[in-house]
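In what follows, a structure is listed as structure tokens, so that the remarks can point back to it.
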Amino acid sequence: ISRIAEWVVHSNGKMGIKQLTELINTRFGSTLNRSTIAEKLRQNNMWDSIVTDCIEDYIGNLLDDLDDDLFREEFF
């Protein structure tokens with residue numbers, strides 16, 4: 001995935017993770033989600049060379065997007 005992202009960015013320039021994910025999925029007919037691509041880029045230390053988004057902001061947005069129900073205790 002990292003090498004595909006690298007090739008896409010080489011052809012189109014650096015972009016946000018959302019735009020990169022949409023472009024990869026459109027071009028290759030895949031259904032990858034942003035978190036999968038983001039994690040692969042992070043693991044391979046390629047984030048800064050491919051994505052314009054700040055990794056800390058991306059992680060913060062992931063936490064904000066979590067459903068509050070995951071943290072809510074239910075009592076029956």
Within this structure, what is the [atom1]-[atom2] distance for the pair [X] and [Y], rounded to the nearest 0.5 Å?
X     : Y     : atom1 : atom2 : value
Ile37 : Glu22 : CD1   : CD    : 10.0 Å
Cys54 : Ile17 : SG    : CD1   : 13.0 Å
Thr52 : Trp47 : OG1   : CH2   : 9.0 Å
Lys40 : Ile50 : NZ    : CD1   : 13.5 Å
Ile4  : Leu32 : CD1   : CG    : 8.0 Å
Glu39 : Ile1  : CD    : CD1   : 10.5 Å

Exercise: identify the closest heavy-atom pair between [X] and [Y]:
X     : Y     : result
Val8  : Met15 : CG1-CE, 4.4 Å
Lys14 : Asp48 : NZ-O, 2.7 Å
Thr21 : Asn33 : CG2-C, 4.0 Å
Ser49 : Val9  : O-CG1, 4.3 Å
Ala5  : Leu20 : CB-CD2, 4.0 Å

(request) Indicate yes or no: at least one non-hydrogen side-chain atom of Asn12 is less than 4.5 angstrom from one of Arg27. (result)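 Answer yes - side chains close enough.
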
(message) Closer than 3.5 angstrom, by distance alone: can the side chain of Asn44 be matched with the main-chain N or O of Ser2 as a donor-acceptor pair?
(response)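 No.
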
(request) Take Arg3 and Met46 through the side-chain contact (heavy atoms from CB on, under 4.5 Å) test and state the conclusion after the steps. (result) CA-CA 9 Å; Arg3 296 294 174 202; Met46 298 174 78; 3.9 Å; yes

